[in-house]
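These notes are about the structure you will find just below.
Every value quoted in this text rests on a predicted model; they were computed, and no experiment measured them. Proteins come first, then strands; the chains are lettered A, B, ... in the order of their sequence lines, and each starts at number 1.
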Number of protein chains: 2
Amino acid sequence: MQTINLKTLASALGLSVSTVSKALQDSHEISPETKQRVWQLARELDYVPNPHASSLRRKRSKIIAVVIPEVADSFFTLAMKGIEVVAQQKGYHTLIYLTYESLTKEQTILHDFQSGRVDGLIISLSGQTTHIDHVTALERKGIPVVLFDRIFEGTTLPLITTNDLESGYLATQHLIRQQCRRIAFLSVSDSLSITRQRQQGYLNALTDSHLPSEPDLMLTLPAHAADQEAIMTQLLTGPKAPDGIVASVEKTAILTYQLCEKLHLSIPEQLKVISFSNLETAPLLNPSLSTITQPAFDMGEAAARTLFGLIERKSLRTMLPLQCIPSVLIPRRSTQLLAG
Amino acid sequence: MQTINLKTLASALGLSVSTVSKALQDSHEISPETKQRVWQLARELDYVPNPHASSLRRKRSKIIAVVIPEVADSFFTLAMKGIEVVAQQKGYHTLIYLTYESLTKEQTILHDFQSGRVDGLIISLSGQTTHIDHVTALERKGIPVVLFDRIFEGTTLPLITTNDLESGYLATQHLIRQQCRRIAFLSVSDSLSITRQRQQGYLNALTDSHLPSEPDLMLTLPAHAADQEAIMTQLLTGPKAPDGIVASVEKTAILTYQLCEKLHLSIPEQLKVISFSNLETAPLLNPSLSTITQPAFDMGEAAARTLFGLIERKSLRTMLPLQCIPSVLIPRRSTQLLAG
DNA sequence: TTTATTTACGAAATCGTTTTCGTAAACCGG
DNA sequence: CCGGTTTACGAAAACGATTTCGTAAATAAA
């Protein structure tokens, strides 16, 4: 079975390759009758243009890249879905890459894009990422980039974020109102802007309530699971254990739940927990988990729309350079104040 | 900033394009000295070959496609991760497509692959898919295809599955042993092989325990969320409500939990629930959810390895046509037999 | 020393589309 | 009826890499 291409169609119709090509693109240079003939044969033979040839000639591939640290996380999963919906609708294809929180991997992946493999990039930075030279390098080569959620401060690249500072503040304030006095803050990276923002919100809330901030209560968990568990156990069972936790990453909340079960600590009696999370099962957990729920899907959608805006009319940079879609705090049992 | 390609390198070095190309591929035709010169300049100028040109000429793109019904599902998320790990390791790129359980979308997506866009395809069928002509069409065009999890019976395409029949049996048997007598079976599609297998296991278990099978207890939920809720509510509050549920899809278990809370039905006292699921939070739910946990990551990995096997040495079809990786039943509180 | 073979490179065709440009033929106004 | 403009198409040059083939020079074999 030989593959069918423009040449096949052209010779079958007694036309030239260029005519067939133009006809398929509905060019005004081609007569209506010829177009009909071409379209019909193309349909009959089930012609599908070769995308590599097309990408080579036009200098655009109709492919975008999505680079995220992790996929086993409800936020990224939902964001990806938001991106994919828009991409599919716009007729774009989506390459997905996972960095597993590694800067090196992130750099390697982005480096390849210099080749023109993709028309644009949507990225959420790895936890290790402390500079974005590899990202701006792409932008300089004319490849549109949109950062979302895990952004970088002080760049002029388009950003899609949520109100992390405010949310960190509200989460902490919520715990304080539920009478927590020793509130811990958990994260997985201290280099991320998003973490710093949330943490700053946490600190501001403490200050505003005249509570001291203790370095011991601000934990950045290492990548390795076993180490995470050790450190967390130490925190929870130590003499200066917290009575409230702000989990800035979903994973750390899950870890907290697991350890509380193991250590027979009861939530919310002994420890109240609120987490940045998009877990669909948050309301079903034992106890149901209070969350700062980010507009994950919407952020993905916004990132995609912004990217396609940049791709399709590169000149007009009239798009907002920063879009902030607010999160919402949903109080549940894990932060409930119990009578007694 | 002009893009740098083989011609740039060649003229800068006073060599021909073909020599440079061969040097970069470490061809034996090129002298060691020349190779060194080429490699050094390529490194200095940060040359990255254009993948579209390369894909066009060789007839392979080093891109694979992953087509799945949904991404907001822990099984598919994990499987995707398994695939991505292998792909990254093998130097392949991964295009991701979501069908949202729609056959039409699935067909449209696959149709495009006839063009040679991808070197191979890993697919898990949509809930609507009742035939796989669109899949076999690709295979016939010489594009390797691997089906995983949601496979199709009676095809010779390579399959990666888990022991659905047996797991359906074990799940049901487990409920029976916990003294359930009216056990319902929930699914989202009755056309999927995987559903039929699980359901057959369910039926076999009933028969072996001399329990009747009632059609009213075997529910295929519609796609729309509101309808799902109505039907489930009817089931749970009706006069012939079940005392046990086998959820063949994670979503249906979550729905059950949500409704039980709303309807003030207590699990496991009034209703025991076991679900096919890979939820990381299953142990943390209220109550903790008994699951049939599928080897999602491993299945993804196996699918990818099988695919690359087919791609890289197309001739030897010595690979197993069917790989079955067993699931495990993890009993938790949601099916616990309470004293009294 | 002559012939055969290897070594190291370049010219050019090729992959399948897109796009520019050229040009017959048809059509137009005057 | 004649210069000028459309109209509708084809030839050919891209896009950037790969690969086949040809060939001078260098080396080996006889």
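- Taking atom CZ on Arg57(A) and atom C1' on dT17(C), their separation rounds to 8 Å, with Å as the unit.
- Rounding to whole angstrom units, NE2 of residue His52(A) and P of dA17(D) are separated by 15 Å.
- Between the side chains of Glu101(A) and Ser189(A), not a single donor N or O lies within less than 3.5 Å of an accepting N or O.
- Rounded to an integer number of Å, the gap from CG of Asn50(A) to C1' of dT18(C) is 13 Å.
- Here the C1' atom of nucleotide dT17(C) and the NZ atom of Lys62(A) are 16 Å apart, to the nearest Å.
- Across all strands, Thr34(A) comes closer than 4.0 Å only to sugar-phosphate atoms, never to a base (heavy-atom distances).
- Side chains of Gln36(B) and Gln40(B): a donor-acceptor N/O pair is absent below 3.5 angstrom, by distance only.
- At a cut-off of 3.5 angstrom, counting only N and O atoms as typed in the model, there is no donor on one side facing an acceptor on the other between the side-chain of Arg58(A) and the base of dT18(C).
- Residue Gln25(B) contributes atom CD, which lies 9 Å from atom C1' of dA17(D) at whole-angstrom precision.
- Of the side-chain N and O atoms in Tyr47(B), none sit less than 4.0 angstrom from OP1 or OP2 of dG16(D).
- Between His131(A) and Leu103(A), the closest side-chain pair of non-hydrogen atoms falls below 4.5 Å.
- Two residues, Ala53(B) and Ser31(B), neighbour DNA chain C, and the one matched to the more 5' nucleotide by heavy-atom proximity is Ser31(B).
- Using a distance-only test at 3.5 Å, with no hydrogens or angles considered, a donor-acceptor pair links the side chain of Thr77(A) to the main chain of Asp73(A).
- Nearer to the 5' terminus of DNA chain C, by closest-nucleotide assignment, is the contact made by Pro32(B) (compared with the other of Ser54(A) and Pro32(B)).
- Side-chain atoms of Glu29(A) lie closest to dC9(D) of the nucleotides dC21(D), dC9(D), dC15(D).
- Only Gly14(B), Leu15(B), Ser16(B), Ser18(B), Thr19(B), Lys22(B), listed by number, bring a heavy atom of residues 13-23 of chain B to less than 4.0 angstrom from any atom of DNA chain C.
- Taking 4.0 Å as the cut-off between side-chain N and carboxylate O, Glu301(B) and Arg305(B) count as a salt-bridged pair.
- In this structure, Trp39(A) contributes its side chain and Ala23(A) its backbone to a donor-acceptor pair below 3.5 Å.
- A straight line from CG of Leu24(B) to C1' of dT19(D) spans 15 Å, rounded to a whole angstrom.
- Considering only side-chain atoms of Ile30(A), the nucleotide from dC9(D), dG16(C), dG16(D) that sits closest is dC9(D).
- A side chain to side chain contact (heavy atoms under 4.5 Å, CB included) with Leu121(A) is found for exactly one of Ile109(A), Val67(A), Leu307(A), Leu147(A), namely Val67(A).
- When rounded to the nearest whole Å, the span between CG of Leu6(A) and P of dC15(C) equals 13 Å.
- The distance from atom NZ of Lys35(B) to atom C1' of dT7(C) is 12 Å, rounded to the nearest whole Å.
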